[in-house]
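First up is the structure itself, then whatever we jot down about it.
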Amino acid sequence: MELDFDLIFVAGLVIGAFAIPAFVSAYSDKRRPKFAVLLALVGGGMAAYAVNQNPGAYSVAGVPDLFVQVIGTYLN
């Protein structure tokens, strides 16, 4: 079975995006952002792994098209 690096990249970005509200919530409640850091590390690690395994395939301008492509692939 071949890994789908596009899916790993997109999932990493989504998981990393969930870290932002977790950071804000922890900051506003004056507690340590343990879960937010975990989300950021996992999401960043997934995105970095996909970029490392598939160099030159991802760019900032191509991220929206990549999201649509991955969602379309797995919804059909």
Side-chain angles (χ1 to χ4, degrees):
M1 185 170 120
E2 185 178 327
L3 288 176
D4 187 2
F5 295 115
D6 292 344
L7 176 62
I8 294 171
F9 183 76
V10 169
L13 290 182
V14 169
I15 291 171
F18 281 130
I20 296 169
F23 271 117
V24 171
S25 175
Y27 178 75
S28 67
D29 291 341
K30 293 181 175 55
R31 54 187 168 82
R32 292 184 186 164
K34 296 176 191 174
F35 186 65
V37 170
L38 178 68
L39 284 175
L41 287 174
V42 169
M46 288 174 68
Y49 174 73
V51 169
N52 188 24
Q53 295 299 316
N54 202 0
Y58 307 111
S59 67
V60 175
V63 169
D65 293 333
L66 184 63
F67 266 86
V68 171
Q69 177 186 351
V70 167
I71 290 170
T73 299
Y74 288 98
L75 285 181
N76 280 335

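Screening residues 23-40 for salt bridge (charged side-chain N to carboxylate O under 4.0 Å, His left out) gives D29-R31 as the qualifying pairs, with residues at least two apart or on separate chains.
Paired with F9 under the rule side chain to side chain contact (heavy atoms under 4.5 Å, CB included), one option of L13, D6, L7 passes, and it is L13.
Cluster membership check: V63 shares its hydrophobic cluster with I15, using side-chain heavy-atom separations under 4.5 Å among Ile, Leu, Val, Met, Phe, Trp and Tyr. In terms of hydrophobic clustering, with Ile, Leu, Val, Met, Phe, Trp and Tyr side chains grouped at heavy-atom distances under 4.5 Å, V14 and L66 are assigned to a common cluster. Residue L41 is not grouped with residue Y49 when hydrophobic side chains (ILVMFWY) are merged at heavy-atom distances under 4.5 angstrom, including chains of intermediate members. Under the 4.5 Å side-chain heavy-atom criterion for ILVMFWY residues, no single connected hydrophobic cluster contains both V42 and V37.
Separating the CZ atom in F18 from the CG atom in L38 is a distance of 14.0 Å, to the nearest 0.5 Å.
For F67, the CZ atom counts as densely surrounded, since its 6.0 Å shell holds more than 12 non-hydrogen atoms of other residues, nucleotides or ligands.
For the pair L39/F23, no side-chain contact is recorded, criterion being any heavy-atom separation below 4.5 Å from C-beta on.
Between A19 and A36 the shortest heavy-atom distance is CB-O, 3.6 Å.
A donor-acceptor distance shorter than 3.5 angstrom exists from the side chain of S28 to the backbone of V24, with no hydrogens or angles considered.
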